[in-house]
Protein chains: 4
Amino acid sequence: MLLGVNLTLDLDSEVPIYQQIRDRIVEAIARGEAEEGDPLPSTRQLAADFGINFHTVNKAYDLLRQEGVIRVNRKSGAVIRRDPRSGPPEPGFTDDWEDRMRVLLAEATVHGLGGDDVVRRCAAMLSGFRAEERTTR
Amino acid sequence: MLLGVNLTLDLDSEVPIYQQIRDRIVEAIARGEAEEGDPLPSTRQLAADFGINFHTVNKAYDLLRQEGVIRVNRKSGAVIRRDPRSGPPEPGFTDDWEDRMRVLLAEATVHGLGGDDVVRRCAAMLSGFRAEERTTR
Amino acid sequence: MLLGVNLTLDLDSEVPIYQQIRDRIVEAIARGEAEEGDPLPSTRQLAADFGINFHTVNKAYDLLRQEGVIRVNRKSGAVIRRDPRSGPPEPGFTDDWEDRMRVLLAEATVHGLGGDDVVRRCAAMLSGFRAEERTTR
Amino acid sequence: MLLGVNLTLDLDSEVPIYQQIRDRIVEAIARGEAEEGDPLPSTRQLAADFGINFHTVNKAYDLLRQEGVIRVNRKSGAVIRRDPRSGPPEPGFTDDWEDRMRVLLAEATVHGLGGDDVVRRCAAMLSGFRAEERTTR
DNA sequence: GTGGTCTAGACCACG
DNA sequence: GTGGTCTAGACCACA
């Protein structure tokens, strides 16, 4: 699967570019567009595709490597490391994740999104991941 | 309701302090600890309580004001503007919120948190908000 | 304690400069020259002292942060996080450490350093740490 | 003694492959699995066994040759040069070795491994070498 | 004044 | 051809 060509970045966003790259790749893996062992574009290639500096891509890949999402091999570049359904999360991840989720849920609540509505939207997005997964495979 | 005394900030976190203040206040409102019209602590008061610069608190309040969560009067200071169940979210909010939620959900999926587990945790946190709400009123 | 002025770097070494900075700081902490909460020089300051780029120092500090050795605070810069005697090592550290130690011990053995000699030298270096610790405090 | 079949390499490790080969061979010699004059597998043979480039193996052997661990004859290939107990280390080796050991010991100290614990682990690994040595001969 | 981000370009290590 | 290191300088976010 050719990852990288279908990423959409907003170079003017306040969200750092390297963070956007990381987010898009995590989403792509969740959607099942890339599975364990699949290669990512080379840092310089991806940088050229988006007209950004390769160091920026490098930082995104390094972040993904620290998170255990990809492996970086000197020869073949970066490849997907984790399969979406490869066991329970690392201890420590869930706590941090719940903290961030709590803020996001509180925000929805404060802005008038009902609890049922929120849960429905989350479930929809999650099954959206699985639906794409079935299609692209 | 005395908001502010029970805020917990981590001055060494990588999350900006003004963001933490904003997050804690949003959470408190979601939990129903403050309703429309309730006053927030003065910026100088809150800054003194935590030994931080009052400009930092100012920035947090300004962010909340931009988000439509509080109103700032010259005389009476900052007060809660919205009630958690006072109507549907502003147009534009939901799109942005879903973008951020999608990243968080993808992250959970990639790290091996099952969709059912995720939905269950979200629902639990949301009903946690409502439970506290009932108690504190 | 003024850390940084007494670091010695070899800019021509094959060992990356950022790695040398990291190593020297770890050694200084082991020797007790800096304890929990002590500040490190600012990245730009340390870079200027050695005539190197601040990005290089940045990378060293980032490495130390990932290892849990320092905290990086937006206001006050980097400070020592771990105290040399603050509890057992993280799980996973020891395995990796033993792998590296095994190679070093094998190397000594192959080059004719006797096991007793090796153990004696290690013990001497370790008590050297403690001795300095006692002196500088 | 058939060296090479029991080497375990991690092609995805951040440690260069040639370095891993060198490390494994040094460990094998320390364990007494090979003594002075014993042949190493041919570079092409070893490369084929692991599906790696034979230049990589070449680099590892060249490194070992520079370190004085093996001799390379045009005809008979690479053979072990030193016996683990064939005399004192070369001048210069010990200084360099102690520098690297100091870093490793400092790291253990900083991460909370006690000095006694460290010495005990080192002694255990060293006698592990000698135990295997006795068995395999 | 602190660290963080991004760009740009050079050189090296690895395989 | 791949990633890693280092340099250099600009601009921004945070407190």
Side-chain angles (χ1 to χ4, degrees), chain A residues 9 11-21 39-47 50-63 65 70-79, chain B residues 9 11-21 47 50-60 63, chain C residues 11-21 39-47 50-63 65 70-79, chain D residues 9 11 13-21 47 50-60 63:
Chain A
L9 301 180
L11 302 185
D12 295 325
S13 166
E14 61 178 355
V15 180
I17 299 177
Y18 78 91
Q19 182 76 46
Q20 292 184 53
I21 297 174
L40 275 67
S42 82
T43 51
R44 283 166 169 88
Q45 181 62 51
L46 193 58
F50 288 101
I52 57 179
N53 193 278
F54 87 93
H55 285 122
T56 307
V57 183
N58 229 330
K59 185 158 187 178
Y61 280 20
D62 194 55
L63 190 55
R65 189 185 54 72
I70 65 174
R71 281 174 302 167
V72 177
N73 188 309
R74 246 175 292 265
K75 185 153 74 177
S76 44
V79 300
Chain B
L9 301 181
L11 301 184
D12 289 321
S13 166
E14 61 178 356
V15 180
I17 296 177
Y18 81 92
Q19 181 76 49
Q20 291 185 55
I21 297 174
F50 288 100
I52 58 182
N53 196 302
F54 94 98
H55 286 115
T56 306
V57 183
N58 242 330
K59 185 160 187 177
L63 185 56
Chain C
L11 302 185
D12 295 324
S13 166
E14 61 177 353
V15 180
I17 299 176
Y18 78 91
Q19 182 74 48
Q20 292 183 53
I21 297 173
L40 275 67
S42 81
T43 51
R44 283 166 169 89
Q45 182 61 51
L46 193 57
F50 288 102
I52 59 180
N53 193 278
F54 87 93
H55 284 121
T56 306
V57 183
N58 229 328
K59 186 159 186 177
Y61 280 20
D62 193 55
L63 190 55
R65 189 185 54 73
I70 66 174
R71 281 175 303 169
V72 177
N73 189 308
R74 247 174 292 265
K75 184 155 72 179
S76 45
V79 301
Chain D
L9 301 180
L11 301 184
S13 166
E14 61 179 357
V15 180
I17 297 177
Y18 82 92
Q19 181 78 47
Q20 292 185 54
I21 297 174
F50 288 100
I52 58 181
N53 195 302
F54 94 98
H55 287 115
T56 306
V57 184
N58 242 331
K59 186 160 186 177
L63 185 55

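Naming convention: chains lettered A, B, ... in sequence-line order (proteins, then strands); numbering from 1 in each chain.
Between the P atom of E:dG4 and the NZ atom of C:Lys75 lies a distance of 16 Å, rounded to the nearest Å. Atoms CD (A:Gln20) and P (E:dT5) sit 13 Å apart, rounded to a whole Å. Per the geometry, CG belonging to A:Asn73 stands 9 Å off C1' belonging to E:dG15, to the nearest Å. Rounded to whole Å, the distance from CD on C:Gln19 to C1' on F:dC6 is 15 Å. The separation between C:Leu63 atom CG and F:dC6 atom P is 12 Å, rounded to whole Å. We find that CG of B:Asp12 is positioned 17 Å from P of F:dC14, with the value rounded to whole Å. For the pair A:Glu14 CD and E:dC6 P, the computed distance is 12 Å after rounding to whole Å. Regarding B:Ile21, its CD1 atom lies at a distance of 12 Å from the P atom of F:dC14, rounded to whole Å.
A sub-4.0 Å separation between OP1 or OP2 of F:dG3 and a side-chain N or O of A:Thr43 is present. One finds no side-chain N or O of A:Tyr18 lying less than 4.0 angstrom from the OP1 or OP2 phosphate oxygen of E:dC6. Close to F:dT7, at under 4.0 Å from its OP1 or OP2, lies a side-chain N or O of C:Thr56. OP1 or OP2 of F:dC14 sits under 4.0 Å from a side-chain N or O of B:Lys59. Contact check, A:Asn58 against F:dG4: a side-chain N or O comes under 4.0 Å of OP1 or OP2.
Proximity note for D:Ile17 (side chain, C-beta onward) versus F:dA15, E:dC6, E:dG15: the nearest is E:dG15. Minimum atom distance to the side chain of B:Asn53 is reached by F:dA15, of the listed E:dC6, E:dG15, F:dA15.
Both C:Val15 and B:Pro16 lie near DNA chain F, and the one whose nearest nucleotide falls closer to the 5' end is C:Val15.
At the heavy-atom level, B:Ile52 lies nowhere under 4.0 Å from the strands shown.
Remark on the helix from E:dG1-F:dC14 to E:dC14-F:dG1: inter-end axis angle 30°, axes from five-pair C1' superpositions, rounded to 10°.
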Quick one: which protein N/O atoms are closer than 3.5 Å to N/O atoms of nucleotides 10-12 of chain F? Pair and distance per line, please.
none

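Looking only at distances, a side-chain donor or acceptor of A:Arg74 sits under 3.5 Å from a matching main-chain atom of D:Glu14.
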### Message
Applying side-chain contact (heavy atoms from CB on, under 4.5 Å) to D:Thr56 and D:Phe50, what does each step give before you reach the verdict?
### Response
CA-CA 11 Å; D:Thr56 306; D:Phe50 288 100; over 6 Å; no

### Query
Under the salt bridge (Lys or Arg N to Asp or Glu O under 4.0 Å) criterion, do A:Asp62 and A:Arg65 qualify, and how do the steps go?
CA-CA 5 Å; A:Asp62 194 55; A:Arg65 189 185 54 72; 2.8 Å; yes

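In terms of the side chain to side chain donor-acceptor pair (under 3.5 Å) criterion, residue partners of A:Arg71 (sequence neighbours excluded) are, by chain and number, D:Asp12.
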